[in-house]
Amino acid sequence: MSPDLGHTLSSISSILPKVDAVSLHFAPYSFHPKGLSIRTLIKLAVILAKKTLHITFHEIWIGAFPKAPWRERLIGGLQRKSIQRFLQIAKPKAVYSTNAASIDRLRKAGIAPKYLYLFGNINTQCKTINKSADECIKKPIVTFFGTPYLNFPYSQLIENLVDLFKSLRTEPIIRILGAVRESTGLSLLREEAKHYALPVEETGRLSTEDLAIEFQAAACGVSTTPFDALGKSSSTAAMLEHGLPVVAHDDGDTPQEVLFAPGPFKERIVLLEQTDFVNRLIKLIKAPKPQFFDGAAYTADSFISFLSSK
């Protein structure tokens with residue numbers, strides 16, 4: 001266990017006696033590059049067992065996809081057992097998850113989570129620029145927000161976008177919003193865009209107000225998070241909540257019958273793999289943008305509904 005995690009657990013122990021209920025959001029690799037150790041999880045479970053506990057899984061164990069390397073499968077198996085043991089000791093009153101992939105894996109491990117929408121990280125309307133659909137088509141901006149992940153079909157994306165904007169008789173500008181933590185995926189995107197002479201612009205770090213304005217000015221957004229895990233991406237949620245249609249892809253890691261779109265946005269997400277990709281996205285771009293969706297209020301209402309149903 002890292003010193004930071006040890007300090008965190010000590011802090012939790014000193015704070016928790018003052019509270020009646022705990023809502024724990026589980027994303028182990030956000031705490032440490034190697035995730036949470038079994039010993040850390042068990043210690044945390046003992047601390048939380050005396051409280052009314054609600055757990056929301058944003059992430060689970062690694063190696064839980066069909067083509068995972070054997071090392072990830074091995075580590076993931078140990079992580080799965082430690083999470084199951086953690087839940088046995090902590091005895092949460094309710095378990096939630098934000099995405100289809102995690103819900104599918106948790107259910108297969110004998111855990112029954114409810115779905116809870118994860119709201120966007122830019123929860124503001126701020127200044128309204130009222131850019132019309134016609135203006136979005138004449139000067140189309142394709143927006144990326146969040147880290148452009150490495151394992152994304154950038155070649156297929158660019159080919160589809162070129163076909164799309166040929167139909168609209170215009171050429172898009174690709175804008176990367178905010179600071180980019182990891183540049184490998186961005187390099188691949190630039191390389192593919194260069195083949196078609198598509199400009200790729202980086203804004204660098206922006207205020208929440210400026211990000212909201214960028215969303216309003218864009219024709220569509222792109223999420224490089226796989227569709228089955230899309231619900232854990234607050235960056236994707238921010239684009240959807242600001243009215244953008246969002247392009248995503250299905251990597252095939254989760255069975256089709258258990259897949260679902262995050263929140264109320266099923267009709268606003270267009271998959272690269274869909275045969276009617278161009279027609280669907282043109283229809284969404286040409287339509288008036290919906291009003292700002294208050295995702296935080298939506299999640300709060302859902303959570304309160306879960307609590308009141310107990």
Side-chain angles (χ1 to χ4, degrees), residues 27 29-30 33 58-59 62 65 67 69 72 99 101 118 120-122 136 139-166 170-242 244-253 262 268-273 277-278 281 285:
Y29 285 89
S30 295
H58 301 282
E59 298 173 0
I62 64 172
F65 58 95
K67 296 180 181 179
E72 287 190 12
N99 59 91
L118 176 65
N121 54 8
I122 307 297
C136 286
K139 293 183 178 180
I141 297 171
V142 178
T143 290
F144 283 72
F145 180 49
T147 301
Y149 291 122
L150 177 62
N151 295 322
F152 182 84
Y154 290 103
S155 176
Q156 184 180 358
L157 169 70
I158 296 301
E159 288 176 7
N160 283 18
L161 290 179
V162 168
D163 290 342
L164 169 73
F165 290 105
K166 273 184 181 177
T170 186
E171 293 184 359
I173 298 169
I174 296 173
R175 281 176 69 79
I176 313 297
L177 305 183
V180 176
R181 296 195 311 268
E182 215 289 317
S183 61
T184 309
L186 178 56
S187 297
L188 289 177
L189 170 62
R190 285 188 173 280
E191 184 179 330
E192 294 297 335
K194 189 177 180 180
H195 294 159
Y196 294 91
L198 297 182
V200 178
E201 302 174 352
E202 292 183 65
T203 67
R205 192 174 299 277
L206 295 173
S207 67
T208 54
E209 291 80 8
D210 287 339
L211 281 167
I213 290 172
E214 290 278 355
F215 293 148
Q216 292 180 63
C220 65
V222 177
S223 175
T224 60
T225 301
F227 181 64
D228 61 351
L230 207 61
K232 73 173 185 174
S233 171
S234 57
S235 299
T236 303
M239 292 190 286
L240 290 164
E241 289 172 6
H242 282 82
L244 283 178
V246 168
V247 176
H249 86 109
D250 179 6
D251 60 5
D253 282 349
R268 304 293 298 171
I269 298 168
V270 184
L271 297 179
L272 281 171
E273 294 76 17
F277 173 89
V278 170
L281 194 49
I285 290 173

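Between the E201 side chain and the R175 main chain, no donor and acceptor come within less than 3.5 Å of each other. Judged purely by atom type and a 3.5 angstrom limit, E273 uses its side chain to pair as donor or acceptor with the backbone of D250. The closest donor-acceptor contact from the side chain of N121 to the backbone of A238 lies at 3.5 Å or more, if one exists at all. Within the 3.5 Å criterion, the main-chain N or O of V200 finds a donor-acceptor partner in the side chain of R190. In this structure a side-chain-to-backbone donor-acceptor pair under 3.5 Å is missing from E171 to F165.
For S183, there are no side chain to side chain donor-acceptor pair (under 3.5 Å) partners two or more places apart in sequence or in a different chain. Residues forming a side chain to side chain donor-acceptor pair (under 3.5 Å) with T224 (at least two apart in sequence, or on another chain): none.
Side chains of P172 and L198 form a contact here, defined as non-hydrogen atoms less than 4.5 Å apart. For the pair P199/I174, no side-chain contact is recorded, criterion being any heavy-atom separation below 4.5 Å from C-beta on. Side-chain contact between V222 and V246 is absent, with no heavy atoms from C-beta onward closer than 4.5 Å. Inter-residue side-chain proximity for I176 and V180 is flagged as met; some heavy-atom pair is nearer than 4.5 Å. For the pair V278/N160, no side-chain contact is recorded, criterion being any heavy-atom separation below 4.5 Å from C-beta on. With contacts defined as side-chain heavy-atom distances shorter than 4.5 Å, the pair L272/V247 qualifies. Counting heavy atoms from C-beta on, the side chains of I122 and H242 come closer than 4.5 Å.
Between A219 and I285, the closest heavy-atom pair is O-CG1, 3.7 Å. In terms of heavy-atom proximity, G146 sits nearest to S235 at CA-OG, 3.8 Å. Contact detail for G178 and T203: the closest heavy-atom pair is N-OG1, 3.0 Å. Closest of all the heavy-atom pairs between A27 and H58 is CB-CB, 4.4 Å. Nearest heavy atom pair, residue L240 against residue R268, reads CD2-CB, 3.9 Å. Across every non-hydrogen atom of L230 and S223, the tightest pair is CD1-OG, 3.2 Å.
Summarising the geometry, atom CZ belonging to R205 is positioned 13.0 Å from atom CG belonging to D210; distances are rounded to the nearest 0.5 Å. Here the straight-line distance linking atom CG of L281 with atom CG of L164 works out to 5.0 Å at 0.5 Å rounding. Between atom CZ of residue F152 and atom CG of residue L188 there is a gap of 11.5 Å, rounded to the nearest 0.5 Å. For the atom pair CG of L211 and OG1 of T143, the computed distance is 10.0 Å after rounding to the nearest 0.5 Å. Atom CG of L177 is separated from atom CD of E202 by 10.5 Å, given to the nearest 0.5 angstrom. The CZ atom of F277 lies 11.5 Å from the CD atom of E159; values are rounded to the nearest 0.5 Å.
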Any chance you could lay out the side-chain contact (heavy atoms from CB on, under 4.5 Å) test for E192 and L157, step after step, and finish with the verdict? CA-CA 9 Å; E192 294 297 335; L157 169 70; over 6 Å; no
Should E72 and F65 be marked as a side-chain contact (heavy atoms from CB on, under 4.5 Å) after you check the CA-CA gap, both sets of side-chain angles, and the distance that decides it? CA-CA 10 Å; E72 287 190 12; F65 58 95; 3.7 Å; yes
Yes or no on side-chain contact (heavy atoms from CB on, under 4.5 Å) for H195 and I158, after CA distance, side-chain angles and deciding distance? CA-CA 9 Å; H195 294 159; I158 296 301; over 6 Å; no
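Note on ring orientation: taking the six-membered ring where Trp is involved, the planes of F145 and F215 are perpendicular (angle over 60°, cut-offs 30° and 60°).
Across T236, L118, I269, a single residue satisfies side chain to side chain contact (heavy atoms under 4.5 Å, CB included) together with P262, and that is I269.
Side-chain rings of F227 and H249 stay apart, their centers remaining 6.0 Å or farther from each other.
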